[in-house]
Every structure is written in structure tokens, then in C-alpha cells.
J.: 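Before anything else, here's the structure in question.
In what follows, chains are A, B, ... by sequence order, proteins preceding strands, each numbered from 1.
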There are 2 protein chains.
Amino acid sequence: MTDTQRILDAIRRLVRQLRLFDRAAQSRLGLSAAQLFILAELGKTPALSLGELADRTHTDQSSASTVVTRLVEARLVARQRSPRDARRLVLTLTRAGRAALRKAPPVTQQVLVNRIDALPPAERKRFADTFTQIVEEMGAEKSAPMLFEDEGHTATARRRK
Amino acid sequence: MTDTQRILDAIRRLVRQLRLFDRAAQSRLGLSAAQLFILAELGKTPALSLGELADRTHTDQSSASTVVTRLVEARLVARQRSPRDARRLVLTLTRAGRAALRKAPPVTQQVLVNRIDALPPAERKRFADTFTQIVEEMGAEKSAPMLFEDEGHTATARRRK
DNA sequence: CCGTATTCCATTGGGTCCCAAGTAATTTTA
DNA sequence: TAAAATTACTTGGGACCCAATGGAATACGG
């Protein structure tokens, strides 16, 4: 197996592991990783709008919306309209939200963090450098070689009712 | 920002990037990354059962099941029952499936692969080594420090109908 | 001031993933 | 050999993610 394939495989397994830990945490604490992540961000910076929150969590505005909705229903987040600009939201943690955050740190990632922290500092730095570089270049690569021809007759494999 | 945080951030962004490229490829080719991945695996090793396929793709059996169902509906995969053991499936690519695979390689990961392949071999190997190590140790870490108390009164933030 | 653009959200549709249950079929065991 | 346990899949439910839409509210040019 080439090193490239080993890396792809590692990514795939990593993502799966994270999802599994997420599930576990969710059924124990009642909060998913996404919910905790939003909660943490709101803990760091209160009074964010939905769009700002989406940016900070590297996710889509609509995704953030649904997660926030759940948190509001759970009474962990207060969702108000900005008085200055009625389009914007003003999101803040409730008392219960702060409490939840305090007792339920990002458990999911913790397993990963433990592994990373166990690395020798020099290796960790190298790893971080390489990883960051890859991701940044990936973001730059604007769907360059993605414009072939054809399309169509493979007809989107999807359910029919 | 610590190196650990940089790594976490890189992972998060990487995952998002992959999803975005996936979406793009999906709307161009009609096949999602998951579907292509399954297709590719079936191309490498025909006549797999669903469970074997799930193992090879590091995913859940039920997840594989739904993806395969879509591929069968798209007539890219043939799903037959094994004559020896009627519980098992025998999955193979159809003619159209092979054709689709030929003209639609794993486009999604390609962007990532390009970046990885651009690294100096030595750095790539170091990266792969570290990454593999992290993931393997993560898999070993059996939800060790995950058993706190409480639970309940945060009441699973979920929709109520 | 008015009409058009733009911005900010909520909602909906399509997909992926995982778990928990349920259903067949096969193997083991009493 | 009949009952019990195991294996292989499917289905339903919940959570997420993104794209596309639509509705308000605000900004802007004439």
C-alpha cells in the first residue's frame, strides 16, 4: 500500500472513529459533537449571529440553523432578534447552557486530542505543518480538473419514492 | 494556537472540503463519493458480500446496504443471493457499473490525493506514519474516560414532532 | 421616497452515517 | 432432529451536512 493510500485510509478511519465517539457521547450526555461545538463557540464569543457562527464552525448556515434550533429547544441557547437589525439573531448561552458546557467538555474530540498530545512535540509540529499545508492548498485548488464532458445518462442514483 | 488545535482545525476543514467536493462531483456525475467508493471496491474485488464490503470500506453494514440499494436501482450493481448460503449477497458490477467507474474515478478524493502526492516522499511517509499511529491508538482507546455520572436532565436536545 | 438589490434566516429535499430491531437462513447444541 | 444461538441483511429513527428556495428586513441608486 502506498503512503498516499495509507493516508486516505487513515482519514477515513479517523472520521469514522470520531463519529462513533460522537454517538457514544450523544447517548450519554444528550448532546452531539455538533451541538457541543456550537455551545463551545458561543461560550467563547457570546451574542453571535447565525452566519457568524456558521463561519466560525466551518459549516453551512442552514446546518448551524438546525443545530441551534435543537439547542434552543433544549433551553441551552437563547435565540433573540437583534433590535438594531431585525434580520440578525443574537445567540447566547442560557444559564443551563453554560452549565452544560462546563460539565460536558468536547468529550468526543478528547480521545483524539489525547493521542495527538501523546506525540513528541517536534513530531506533532511537523504533523500539524504538513496537515495545515495540505488543507490550505486543497482549499485553493478550485475544482480545477473537474470539468470533463458527458454527464447525464448515469442518472443520479437515488430513491424513487 | 497550539499545534494540537491546528490539527483539529485542519481535520475539520479537511472533512468539510471533502464534503464540498463530493457535492460538486455528485451533481456533475450523479454519483456521490460513497457510491463511487463502493463501486471502486467492487471493481477491485467482485462478488463481495455486504458484510465484507462494509469491512473494506470501514463503514457500517447498514450504511453499505443503503448505498448499495441506490447503486442497484441505478443498475450499476447486481445484487444476487448466494446459492450456497442464502443469507449472503453476491455483489458485482454490471456492465454499466464498470463503465461508470471507468469514466468517473474517485474524483472527490482526487483533489486531496493531488496535494498529498505533491509532498516530498520523506515528508509524506512521516505524515502517513504519524497519522496511522494516531488512528490505531484511537481505535484501541476503549471509551476509557467516558463514564461520568449525571445524564438525564439535559434531556437529549432533539425535536419534538 | 420608491423600487431594486442584497443580506440574514428558516425550511425543505436529497444523501450519508450509525444504532437498534426485526426477519431469514444456517449452524450448533441438547 | 428439533430448539437455540448465530450470522447476514433490511428497515426505521435520529442527527448531520449542503444546496436551493422563500420571506423579511435593510441598503442603495435615482
J.: Tell me whether the OP1 or OP2 atom of C/dA10 has a side-chain N or O from A/Arg87 closer than 4.0 Å.
T.: no
J.: In whole angstrom, what separates A/Gln80's CD from C/dC8's P?
T.: 19 Å
J.: With a 4.0 Å cutoff (strictly under), does any side-chain N or O of A/Gln35 reach OP1 or OP2 of D/dC16?
T.: yes
J.: Side-chain N or O of A/Arg88 versus OP1/OP2 of C/dC8: is the shortest distance under 4.0 Å?
T.: yes
J.: In whole angstroms, how far is the P atom of C/dC19 from the CZ atom of A/Arg28?
T.: 15 Å
J.: When you measure from the side-chain N and O atoms of A/Ser32 to the phosphate of D/dC16, is any distance below 4.0 Å, counting only OP1 and OP2?
T.: yes
J.: Quick one: is A/Arg79 getting a side-chain N or O under 4.0 Å of the C/dC9 phosphate, OP1 or OP2?
T.: no
J.: On DNA chain C, nearest-nucleotide positions of A/Arg23 versus A/Gly51: which is more 5'?
T.: A/Gly51
J.: Rounded to whole angstroms, how far apart are CZ on B/Phe21 and C1' on C/dG15?
T.: 19 Å
J.: Does C/dC9 have OP1 or OP2 under 4.0 Å away from a side-chain N or O of A/Ser65?
T.: no
J.: Please state how far atom CZ in A/Arg12 lies from atom P in C/dT16, giving the value in whole angstrom units.
T.: 12 Å
J.: By nearest heavy atom, map A/Asp22 and A/Asp85 onto DNA chain D; which one lands nearer the 5' end?
T.: A/Asp22
J.: Provide the closest heavy-atom pair for B/Arg124 versus B/Asp117 in the form atom of the first, atom of the second, distance.
T.: NH1-O, 3.2 Å
J.: If you group Ile, Leu, Val, Met, Phe, Trp and Tyr by side-chain heavy-atom gaps below 4.5 Å, do A/Leu36 and A/Leu93 land in one group?
T.: yes
J.: Nearest whole Å is fine: how far is D/dA25 P from A/Leu89 CG?
T.: 13 Å
J.: Would you say a side-chain N or O of A/Gln61 is under 4.0 Å from OP1 or OP2 of C/dC9?
T.: no
J.: May I ask you to verify if any side-chain N or O of A/Arg70 is less than 4.0 angstrom from the OP1 or OP2 atom of D/dC16?
T.: yes
J.: Under 4.0 Å between a side-chain N or O of A/Ser62 and OP1 or OP2 of D/dC18?
T.: no
J.: Is any side-chain N or O of A/Ser63 closer than 4.0 Å to OP1 or OP2 of D/dC16?
T.: no
J.: To the nearest angstrom, how far is B/Leu91 atom CG from D/dC9 atom P?
T.: 8 Å
J.: Quick check on D/dC18: is either OP1 or OP2 less than 4.0 Å from any side-chain nitrogen or oxygen of A/Thr59?
T.: yes
J.: Parallel, tilted or perpendicular: which fits the ring planes of A/Phe131 and B/Phe127, with parallel below 30° and perpendicular above 60°?
T.: perpendicular
J.: May I ask you to evaluate whether B/Ser49 reaches the phosphate of D/dC9, defined as a side-chain N or O under 4.0 Å from OP1 or OP2?
T.: yes
J.: Regarding A/Gln133 and A/Asp129, do their side chains bring together a donor and an acceptor under 3.5 Å, going by distance alone?
T.: no
J.: Using whole Å, report how far CG of A/Leu20 lies from P of C/dC19.
T.: 5 Å
J.: Are B/Leu29 and B/Lys103 packed together at the side-chain level, in the sense that at least one heavy-atom pair is separated by less than 4.5 angstrom?
T.: no
J.: On the nucleotide C/dC18, are OP1 or OP2 found under 4.0 Å from the side-chain N or O atoms that A/Arg16 carries?
T.: yes
J.: Is any side-chain heavy atom of B/Gln26 closer than 4.5 Å to one of B/Leu31?
T.: no
